[in-house]
Novice: 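Before I ask anything, let me first share the structure, which is written out below as structure tokens.
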Amino acid sequence: MSLVNMGDMLNHAYKHGYAIGAFDLVSLDFLEGIISAAERCEAPVILSLAESHFAYFDFELIMSAVVAAARRTDVPVAIHLDHGECLKSAVTGINLGCNGVMIDSSNQALTENINLTRSVVDMAHSCGIPVEGELGYVPGVEGEDAERHPGEIAYTTVSEAKLYVEQTGVDFLAVSIGTVHGRMQGEPKLDYLRLQEINDAINIPLVIHGGTGLSDDQYQQLINRGVSKINYYTSLADVAGLRIRENTQNNPLNGYTGLADGVQETISTEVERCINLWGSALRAKEVVAQCEAWSPVEHLIIYNVKGITGDETIAMINEGKTILSSIPGVLEIITGHSIQDDDSYRYTWLIRFCHRAVIESYRNHHLHVAFANTLFRPVAGERISIDYQTH
Ligand code: 13P
């Protein structure tokens with residue numbers, strides 16, 4: 001399995017002068033098309049899920065497939081929450097399996113943007129997860145996805161970028177230097193000098209949103225100035241739409257599978273073009289070797305209860321599951337009881353953390369402390385507790 005630490009992944013790209021594609025996906029055709037392109041190119045890739053697209057799919061359901069795809073492939077993968085809107089969204093993304101999150105409060109005043117970003121960074125870092133912030137504003141102009149980013153472009157300034165990074169502790173910065181979400185109108189004019197100055201001032205991987213529609217040379221100029229992650233969606237949606245229209249023309253009686261025929265392949269071809277352009281092809285092996293493998297830690301408790309009935313025990317367990325599953329970094333909670341009546345340890349909790357960092361942040365989290373001190377420890381008798389790093 002090749003889920004890897006996204007911070008390590010982007011720092012590798014930043015250090016070695018290439019960019020990794022963060023491709024937004026809205027269906028299994030996108031997921032499979034992106035992964036197969038990364039496999040053909042032996043490239044690291046970021047599977048990106050934008051909160052602005054949650055109307056198109058069930059985030060929880062699709063995340064099961066995304067995590068399974070990331071585990072099954074040999075190429076290095078990170079799973080990213082794109083355009084997260086608030087702290088709660090970031091926690092949800094992490095608890096469903098994202099190992100990188102973006103907080104997008106770029107439409108707010110600088111102080112509010114800093115405060116919200118800082119709260120997401122504190123939470124995510126306590127789970128071992130890096131954060132992308134955005135400063136300046138990348139609007140949409142026309143076509144697919146544009147309407148989800150209303151308003152005017154606001155360029156990132158160097159001084160604000162420096163302050164924002166210092167005060168928030170973000171790991172990557174999305175900058176606004178002339179790109180737009182959606183289809184480009186005319187020849188986009190990118191402010192390379194501004195980008196260079198931001199890169200010199202903050203020295204962390206930079207991110208470009210609105211990746212669709214730039215020329216080969218423009219991508220290269222961005223990468224030369226610190227851009228290590230390029231967000232890309234509209235062009236994938238457009239090639240998929242084109243294929244569906246062709247399928248309709250070829251056979252107006254096509255049903256669903258006939259209309260969707262070849263969509264995955266056409267998305268994959270476009271992803272492959274980007275990967276080759278952005279310099280991430282043939283990097284998979286070195287990235288896997290140099291990045292922390294991203295695998296969960298399991299917090300296992302086996303225990304007995306004393307002084308309460310079986311029903312009261314089940315009520316305590318159910319309440320615990322509800323409370324504890326909302327703590328950042330908790331991927332899953334499995335509980336059970338022993339099948340043999342005479343076992344000396346009759347009950348179990350298996351709590352799956354996204355990363356080893358969560359062992360401490362979970363232990364100190366106020367919800368865990370309150371549950372453990374009031375509902376669990378007073379009735380828990382003999383117990384064994386172990387944290388396992390899974391492989
Ligand atoms: P495009 O849709 O313009 O490629 O931009 C994608 C994006 O920035 C997602 O965050």
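Both counts, for ligands and for their atoms, begin at 1 and track the order of listing.
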Novice: For ligand 1, find out whether one of its N or O atoms is nearer than 3.5 Å to an N or O atom of S235.
Specialist: no
Novice: Quiz question: by atom type and distance under 3.5 Å, do the side chains of R346 and T313 form a donor-acceptor pair?
Specialist: no
Novice: Report yes or no: does a heavy atom of A50 sit under 4.0 Å from some atom of ligand 1?
Specialist: no
Novice: Look at atom 7 (C) of ligand 1 and find which of H181, H53, H149, R148 reaches it with the closest heavy atom.
Specialist: H181
Novice: Quick one: look up the protein heavy atom nearest atom 4 (O) of ligand 1 and list residue, atom name and how far away it is.
Specialist: T212 OG1, 2.5 Å
Novice: Less than 4.5 Å apart, any side-chain heavy atom of Y233 and any of N231?
Specialist: no
Novice: Check this for me, if you would: do R194 and E197 make a salt bridge, where the nitrogen-to-carboxylate-oxygen distance has to be below 4.0 angstrom?
Specialist: no
Novice: Give me the nearest non-hydrogen protein atom to atom 8 (O) of ligand 1 as residue plus atom name, then the distance to 0.1 Å.
Specialist: G210 N, 2.7 Å
Novice: Is it true that H181 and H83 have ring centroids separated by less than 6.0 Å?
Specialist: yes
Novice: Numbering the atoms of ligand 1 from 1, which are under 4.0 Å from a heavy atom of D24?
Specialist: 9 (C), 10 (O)
Novice: Would you say K88 has more than 12 foreign heavy atoms packed within less than 6.0 Å of its NZ?
Specialist: no
Novice: May I ask you to decide if E292's main-chain N or O and D8's side chain share a donor-acceptor pair within less than 3.5 Å?
Specialist: yes
Novice: Just to be sure I read this right, does ligand 1 sit under 4.0 Å from the backbone of R183, its side chain, both, or neither, counting only heavy atoms?
Specialist: neither
Novice: Under 4.0 Å from a heavy atom of H209: which atoms of ligand 1 are those, numbered in the order shown and with their elements?
Specialist: 8 (O), 10 (O)
Novice: Let me see the working for E112 and S105 under side-chain hydrogen bond (donor to acceptor under 3.5 Å, both in side chains), right down to the final yes or no.
Specialist: CA-CA 8 Å; E112 281 76 41; S105 38; over 6 Å; no
Novice: Atom 10 (O) of ligand 1: which protein heavy atom is closest, and how many Å away?
Specialist: D82 OD2, 2.6 Å
Novice: Quick test: of every protein heavy atom, which one is nearest to atom 3 (O) of ligand 1, and how far off is it to 0.1 Å?
Specialist: G182 N, 3.1 Å
Novice: Do any heavy atoms of V180 fall under 4.0 Å from ligand 1?
Specialist: yes
Novice: Would you say the ring centroid of H149 lies under 6.0 angstrom from that of H209?
Specialist: no
Novice: Considering only NZ, NE, NH1 and NH2 on the basic side and carboxylate oxygens on the acidic side, decide whether R363 and E360 come within less than 4.0 Å.
Specialist: no
Novice: Show the atoms of ligand 1 that are less than 4.0 angstrom away from any heavy atom in T234.
Specialist: 1 (P), 2 (O), 3 (O), 4 (O)
Novice: Of all the atoms in ligand 1, which lie at a distance below 4.0 Å from a heavy atom belonging to G211?
Specialist: 1 (P), 3 (O), 4 (O), 5 (O)
